[in-house]
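Written below as structure tokens is the structure these notes are about.
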Amino acid sequence: MKETRDIMGMPVSIEIAGVQAAQKNFDTAFDYFVHIDETFSTYKPGSEISRINRGEISEAEYSAEMKTVFALAEETKQLTHGYFDIHTADGMIDPLGLVKGWAINNAAHMLDELGCKNFQVDAGGDIQTRGKNEEGNEWSVGIRNPFNRGEIIKVIYPRGAGVATSGTYIRGKHIYDPHSGEPVVTPVLSLTVVGPDVYEADRFATAAFAMGERGVEFIEQLDGFEGYAVDEKGVATMTSGFTKYTSQ
Amino acid sequence: MKKFITSLVFVLVFAMYALSQYFNNSSTLAYTAPGATPTTAANSQPVARVAAPVSVPVSTPAPTTASKPAGQYVDGTYTGSVADAYYGKVQVKATISGGKLADVTFLQYPSDRSTSRFISSQAMPMLTSEAIQAQSAQVDAVSGASDTSAAFRESLGVALSQAKG
């Protein structure tokens, strides 16, 4: 059973295969995403992050979740040589680039604890799968054609790995080079990363995309990560181990 | 590190190729990427990077493909620019003999590695390229930034208007 709701400004889909597809399991996961949105959305004036950005909350008053996200963001910044930064060019803090994958991963762990074995959680195209799909096959994920939204250009089978895509064609406002403060101008239109889980895939996809053409090389250097970058000429460049995900 | 060299070699080869094309207007590149999605004007350009596999062992000459006429390079030795290979500088020298890439030597290469725990010293960079091609398969999910929500369309609009200056 699959259910989709619009949360965090994006469609969030949860599909649970088999007998664990109880409504309470969907509700638990969706309620968590709503909570995350209400805490971390910079579009919501009442969210904790908005209040922090307005200087209404001191650091000592940050919620445990906020402290966790800030700590993870700092760690990610170090790991990506500054290419991942939740501080925007205008001095605000926008942790969406980290929170999205983190929240999907947390929701997947919640479903684990509820006894779900076979499911996928998809928030705005970043995906975590577990087990098998309704037909008992490996979950399949298509990589969207950046030139034609209605098409996919690759089919991958993550087998429990996380999948995340960064691209200019929609999230341009969210991706900029922290070193220059400028929006990323790159021949790369989209970069899909498969990593140990969707949190890891998402944060490194975001950082690697900000590196431009060298992003896929950066992914090549990471243990346990593979990448597929599509450039403006319609040429895809993939890491050496990527093809292990392309056969069922 | 090999991958950076590989990338540089290709950049270099492509640059030399472009140069040779520039000085030889009668030659046209007939190759069209099979299955390339013709959704952008950019696709009408010669897609040299599609024509050749990018994973070229540095120690051997780069393969020429059927789509490229042999002997398109001018014999000689060419020094590449110093390129930032993310964790260090890389510079190569390419030797062209008989119109083909015969040798590549390192003039500079990174001598230190990042100690980041995510970076593997065992990595053997072998990037490969292909023309994207639409797939007809049914899938359980699609990975890609989503624009189906109003908030993201609005965000994109703001971004694009800023991009126009």
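Since the model is a prediction, treat every value here as computed from it, not as a measurement.
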Quiz item: CD of Gln138(B): more than 12 outside heavy atoms within 6.0 angstrom?
Solution: no

Quiz prompt | Side chain / backbone / both / neither for Lys2(A) at chain B, heavy atoms under 4.5 Å | solution = side chain

Quiz item: Given a strict heavy-atom distance threshold of 4.5 Å, which part of Glu226(A) is in contact with chain B: side chain, backbone, both, or neither?
Solution: neither

Quiz item: Are Thr165(A) and Ser143(B) close enough that a side-chain donor and a side-chain acceptor fall under 3.5 Å?
Solution: yes

Quiz item: So what's closer than 4.5 Å to chain B heavy atoms on Tyr228(A): side chain, backbone, both or neither?
Solution: side chain

Quiz prompt | Stepwise side-chain contact (heavy atoms from CB on, under 4.5 Å) check, Asn133(A) with Asn118(A) | solution = CA-CA 6 Å; Asn133(A) 69 9; Asn118(A) 302 292; over 6 Å; no

Quiz prompt | Ion pair check, Lys100(A) and Asp202(A), cut-off under 4.0 Å | solution = no

Quiz item: Which of the residues Thr192(A), Ile127(A), Ile143(A), Val163(A) is involved in the greatest number of heavy-atom pairs with chain B at under 4.5 angstrom?
Solution: Ile127(A)

Quiz item: Heavy-atom distance under 4.5 Å to chain B: side chain of Ala229(A), backbone, both or neither?
Solution: neither

Quiz item: Given a strict heavy-atom distance threshold of 4.5 Å, which part of Val141(A) is in contact with chain B: side chain, backbone, both, or neither?
Solution: both

Quiz item: Would Glu74(A) and Gln78(A) count as having a side-chain donor-acceptor pair, cut-off 3.5 Å?
Solution: yes

